[in-house]
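To start, the structure under review is shown below, and the notes come after it.
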Amino acid sequence: MPAWILRGAAFSLSLVAGTAFAQTPTNVFDPAGTPARSTFGLSMLVLSITLVIFLIVAGLLLYALIRFRHRPTDSNREPAQIYGSNQIELSWTVIPILIVVTLFLTTTRVILGTQAIPKPASAMDVTVIGHQFWWEYRYPKSGVVTANELHVPISDPASPTPTYLTMSSADVSHSFWVPRLAGKMDLIPNRVNTMWIDPEATGLYLGQCAQYCGTQHAKMLLRVYAQSPQEFAAWIEQQNKPAQQEFPGNPAATEGQAVFMKNACINCHTVKGTVATGRFGPDLTHLASRDTIASGPIQNTPENLKKWVEDPNTMKPGSLMPAMHLNDHDLDVITAYLSQLH
Amino acid sequence: MTTTPVLEAIDETQETQGKQPLNVIYEWLTTVDHKKIGLMYIVYALIFLVIGGFEAILMRIQLAIPNNHFVSPQVFNQLFTMHGTTMVFFMGMPILFGMGNYLVPLMIGARDMAFPRLNAFSFWISAFAGLLLYFSYIGGSGLYAAGSAPDVGWFAYAPLTSKVFSPGHSTDYWTLAVFLSGIGSIGTALNIVTTILCMRCKGMKMSRMPLLPWLYLVMSCLVFVAVSPLTAAQVMLTLDRYLGAHFFDTQAGGSAILWMHFFWIFGHPEVYVLVLPAFAFANEIIPVFSRKAMFGYPAMVAASVSIGFISLSVWAHHMFTAGLGPAGNTFFVFATMVISVPTGIKIFNWLATIWGGKIIFAVPMMFMIGFLFQFLIAGLTGIMLSAAPFDWQLSASYFVVAHFHYVLVGAIVFSLFSAFYYWYPKVTGKMMSETLGKWHFWLFLIGFHLTFDFMHVPGILGMPRRIYTYEAGRGWDTLNFIIGIGAIFQAAGTLVLVYNMIHSYYKGKDAGHDPWDAWTLEWSVPSPPPSYNFAIEPTVNSRRPLWDIKHPEDPDSDYES
Ligand code: HEM
Ligand SMILES: [Cu+2]
């Protein structure tokens, strides 16, 4: 049996190591930003210390189990009774204390290095507001408001541009977690939390809400687009424009716009430059510039948009957007309109 | 000078023998005998174990493959809420209280608990609380809108529980059920503390008391300190929901963090409330099957008491991601890491107890060996999580789910199973089948490791907990499939246990007084013990009174300071 345990342990360890270092979009052990990287360093230290402790203690235990098992050849006598030993017990009190102190000091350094360093003047600011079940992003300096897809500039050590996230919640608690960039931080109503990220390379970083927030907690996904400073500036500029208002040569979109403005859509959604100024749902001003809808799980295609507006709950059960009971024609033209909001 | 504990069989006919079934039922319903109450606790907890396990299986089926539609998100959210609540409040606490109820008076040479009627009251109110929780499936939205069990999580974070976000009554069922079970727990804890402090037999100084009652003493004190704030929080939440108070109602300016503090000031010590009895069983069983005295008894007592104290100051390690700030985080990192020192002492002392022994691999010892290895791993992943930045990454992920199931299943349930096999002969007078026991052990061990070893990995790969589905392509699929298979092995193992318990009751070998050649007082009375436990009040001179009787040439009392 002990051999079985040993083999099993070896097998699972190799499997764990193999999979844990796999290239997956949300692997904690594949950091791509400073906070995630310093956490990774600490994790490796803690992992190796605990692994050594495990090997020693489990080894001793296994040895004892094999060496001191009752053998049929044994005379029936009980073994010698040993009641304790102050020296030995003192040693396994003091050594763990030393290990704890070491671990504590290292951990403290990482905590302070992440949570207590001054914010550089070059930092970007984004306000993140959690909603059931989507994300709102506001860029206070430029006035851009968007949803579900966060764009940030990359940050290189020569000219660091970390993005500072100021986070709160409009309803219940949520948690912002993009594993390759940083650990998670909760968004709690009536409270402002902050964290920062500084992606090293351009690309898309995935994550998702990590605090149970109700029915669709599972589909409150996070997408962070890290862009070069030029791309990012261009994106900001594009997002800053008001929504397109005229659709020459596209009567469906023009009609769709009218239908949209006549319906309750405008109570919950904003389309900048129009009468739609609702705040309950995501800002739709530049909806068509986003890759996904409904905070990640659905590709932003005209068919999906149509299905979504027809009845959000079939695509994302529990979503707080109601079905609008539009007829097929209206759905088509609204889709045509939404598809033009670049 | 030495009055021997009663080793001879007491001629005692079973009180219930030859009675009408109705009378038997009546007797159980009205009993104030600590042993009968203990057994009722255990049976009721086993029923909830099966229910909670069933819920777990449903969840694992749903998560076995990506984008599964086996259950709806609403049902899944109810499942994990009910599973957590059931396992903590209606399986873990009652089963451990049941064991304590049965064993503590016997082990300290008392005839019953200090307050037998309070004991019965505590049991019945806890049992009622469990029923109430499940009645929510019928009554949560009124009889005609059935099917709204609580879905706010067993931790019920504010403000998801406020009227705005949780209309209907499902949350009220959760609140009331947990509140009532808390009352029952506090009653039982009071009883255990009083019994241990006031009713030990002659000669049993605190320093001669077996370790099991010691740990139950610490555990019960923790129950007072931990469950009371939870009970207060339940009252506050109800005030919020029905009388317009705004403690946790954030829409009206209340505080979500306040609930977190209340909840974890309960929730963290609660882990120790559950694990201390598991230590207690280990302290009794490991020495007997190693044939050695417990190594370092005073250190074990000191470690248990300090675990009790330190556990009260670590709660905010559940809140590392709530934005406590660097100072708060650092303090709770320290407190959490420090608790690993007394815990380590325990593991080393168990190791030293085994060292130089003549180990007998009977089923109780096999489960204890599983307990030792798994608790070691649980402790080590606990140290990892106590390093706050590591926790920022992995809290609320499947890594944490793996970690605490290592504690709850790997340590507590294994220790409990061990205790079942160990004390079953005392309770029923019959031995449990060793063959079935080994089947149970191996099925459960394999299932446990398939499920919970692999569960660490999706956490590292970014899988949050409490999600009802996920997309393919994150590296989570295969792992979740294996995890699901493990869950089924564990279920099979548990069914073997239940079968074994029933089968052995009718077909088991007779156990006699002392089948394991053990040393504590409960083995000096017949199996099952008569309702008054001891014909003559025993007197003890050492921590192992039966050892002294069996080895008069070399009694323990010579070595104890
Ligand atoms: C016909 C009118 C409407 C249209 C065309 C419309 C369109 C959309 C679209 C395209 C999205 C996805 C946005 C994104 O992911 O960035 C969305 C999401 C959302 N909408 Fe609407 N909407 C309408 C009406 C409403 C109304 C009346 C409400 C409020 C009661 C509402 C609340 C929401 C919410 C809460 C979400 C986020 C859902 C989630 O991801 O879980 N919408 N809507
Ligand atoms: Cu969320």
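Lettering of chains follows the sequences in order, A, B, ..., and the numbering in each one begins at 1. These numbers come from the heavy atoms of this one structure, side chains and all, not from hydrogens, waters or symmetry mates.
- Per-residue counts of heavy-atom pairs under 4.5 Å with chain B were compared for Ser175(A), Ala170(A), Pro35(A), Gly214(A); the largest is that of Gly214(A).
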Quiz item: Between Leu65(A) and Phe361(B), does a side chain to side chain contact (heavy atoms under 4.5 Å, CB included) hold up when you go through it step by step?
Solution: CA-CA 9 Å; Leu65(A) 289 174; Phe361(B) 289 96; 4.2 Å; yes
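- In this structure, chain A has heavy atoms under 4.5 Å from both the backbone and the side chain of Ser395(B).
- Contacts between Phe80(B) and chain A at a heavy-atom distance below 4.5 Å involve the side chain alone, from C-beta outward.
- No other option in Val152(B), Ile383(B), Thr330(B) has as many heavy-atom pairs under 4.5 Å with chain A as Thr330(B).
- Contact tally against chain A (heavy-atom pairs below 4.5 Å) for Asn349(B), Thr478(B), Asn329(B): the top residue is Asn349(B).
- In this structure the side chain of Trp476(B) never reaches within 4.5 angstrom of the side chain of Thr24(A), judged on heavy atoms.
- Between chain B and the residues Leu60(A), Ile53(A), Thr108(A), the largest count of heavy-atom pairs under 4.5 Å involves Leu60(A).
- Using a 4.5 Å cut-off between heavy atoms, Ser340(B) touches chain A through its side chain atoms alone.
- Between chain B and the options Ser169(A), Ala182(A), Ala36(A), heavy-atom pairs under 4.5 Å are most frequent for Ala182(A).
- Within the 4.5 Å cutoff, the side chain of Ser255(B) has no heavy atoms near those of the Asn190(A) side chain.
- The most heavy-atom pairs under 4.5 Å with chain A, out of Ser72(B), Gly296(B), Ala303(B), come from Gly296(B).
- Chain A forms the most heavy-atom pairs under 4.5 Å with one residue out of Ala396(B), Ser386(B), Gly344(B), Gly357(B), and that residue is Gly357(B).
- Leu160(B) CG to Cys213(A) SG: the interatomic distance, rounded to the nearest 0.5 Å, is 8.0 Å.
- The distance from the CG atom of Leu372(B) to the CG atom of Leu62(A) is 11.0 Å, given to the nearest 0.5 Å.
- For Met260(B), the part lying near chain A is the side chain, with the backbone staying farther off; criterion is any non-hydrogen pair under 4.5 Å.
- Contacts with chain B were tallied for Val110(A), Ile188(A), Leu61(A); Leu61(A) has the most, counting heavy-atom pairs under 4.5 Å.
- For Thr321(B) and Asp186(A), the side-chain atoms include at least one donor-acceptor pair closer than 3.5 Å.
- Pairing each heavy atom of Asp151(B) with each of Tyr212(A), the nearest pair is O-OH, 2.6 Å.
- Between Lys358(B) and Glu78(A) the shortest side-chain heavy-atom distance does not fall below 4.5 Å.
- Between Glu471(B) and Gly296(A), the closest heavy-atom pair is OE2-O, 4.5 Å.
- Put simply, the side chain of Gln208(A) reaches to within 4.5 Å of the side chain of Ile467(B), judged on heavy atoms.
- Using a 4.5 Å cut-off between heavy atoms, Met337(B) touches chain A through backbone and side chain atoms alike.
- To the nearest 0.5 angstrom, Ile49(A) atom CD1 is 10.5 Å from Met384(B) atom CE.
- Contact detail for Phe373(B) and Ala58(A): the closest heavy-atom pair is CE2-CB, 3.8 Å.
- Heavy atoms only, all atoms of each residue included: Thr26(A) and Arg474(B) are closest at CG2-NH1, 3.5 Å.
- Heavy-atom pairs under 4.5 Å with chain B were tallied for Ala116(A), Ser43(A), Gly318(A); the largest tally goes to Ser43(A).
- Atom CG of residue Asp171(A) and atom CZ of residue Phe165(B) lie 5.0 Å apart, to the nearest 0.5 angstrom.
- Interface residue Phe348(B): backbone and side-chain heavy atoms are both found under 4.5 Å from chain A.
- Residues Gln115(A) and Pro326(B) share a closest heavy-atom pair of OE1-N, 3.6 Å.
- Proximity to chain A (any heavy atom under 4.5 Å) is restricted, for Phe155(B), to the side chain, taken from C-beta onward.
- Here Trp177(A) contributes atom CH2 and Leu394(B) contributes atom CG; the two are 6.0 Å apart, rounded to the nearest 0.5 Å.
- Comparing Ile97(A), Leu221(A), Asn193(A), Val46(A) by heavy-atom pairs within less than 4.5 Å of chain B, the highest count is held by Asn193(A).
- Below 4.5 Å, heavy atoms of chain B meet heavy atoms from Val100(A), Leu103(A), Phe104(A), all part of residues 98-105 of chain A.
- Contacts of Asp554(B) with chain A are absent, with no heavy-atom separation under 4.5 Å from either backbone or side chain.
- Contact annotation: the side chain of Gln211(A) approaches that of Arg466(B) to within less than 4.5 Å [non-hydrogen atoms, C-beta and beyond].
- There is no side-chain donor-acceptor pair under 3.5 Å between Trp547(B) and Gln81(A).
- Heavy atoms of Arg191(A) lying under 4.5 Å from chain B belong exclusively to its side chain.
- Counting heavy atoms from C-beta on, the side chains of Tyr468(B) and Pro317(A) come closer than 4.5 Å.
- Residue with the most contacts toward chain A among Ile257(B), Val164(B), Ile354(B): Ile257(B) (heavy-atom pairs, distance under 4.5 Å).
- To the nearest 0.5 Å, the span separating CD on Glu89(A) from CE on Met300(B) amounts to 9.0 Å.
- Aromatic ring centres of Trp355(B) and Tyr63(A) lie closer together than 6.0 Å.
- With a threshold of 4.5 angstrom between heavy atoms, Asn86(A) does not approach chain B through any atom at all.
- Heavy-atom distances place the side chain of Ile347(B), and not its backbone, under 4.5 Å from chain A.
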Quiz item: When you look at Tyr83(A) and Asp556(B), which way does the side chain to side chain contact (heavy atoms under 4.5 Å, CB included) test go after all the steps?
Solution: CA-CA 9 Å; Tyr83(A) 297 87; Asp556(B) 258 7; 2.4 Å; yes
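- If you measure heavy-atom distances from Trp92(A) to chain B, the contacts under 4.5 Å come from both the backbone and the side chain.
- What you find for Arg465(B) and His217(A) is that their closest heavy atoms are O-NE2, 3.5 Å.
- When heavy atoms are compared at a cutoff of 4.5 Å, Ala327(B) does not approach chain A at all.
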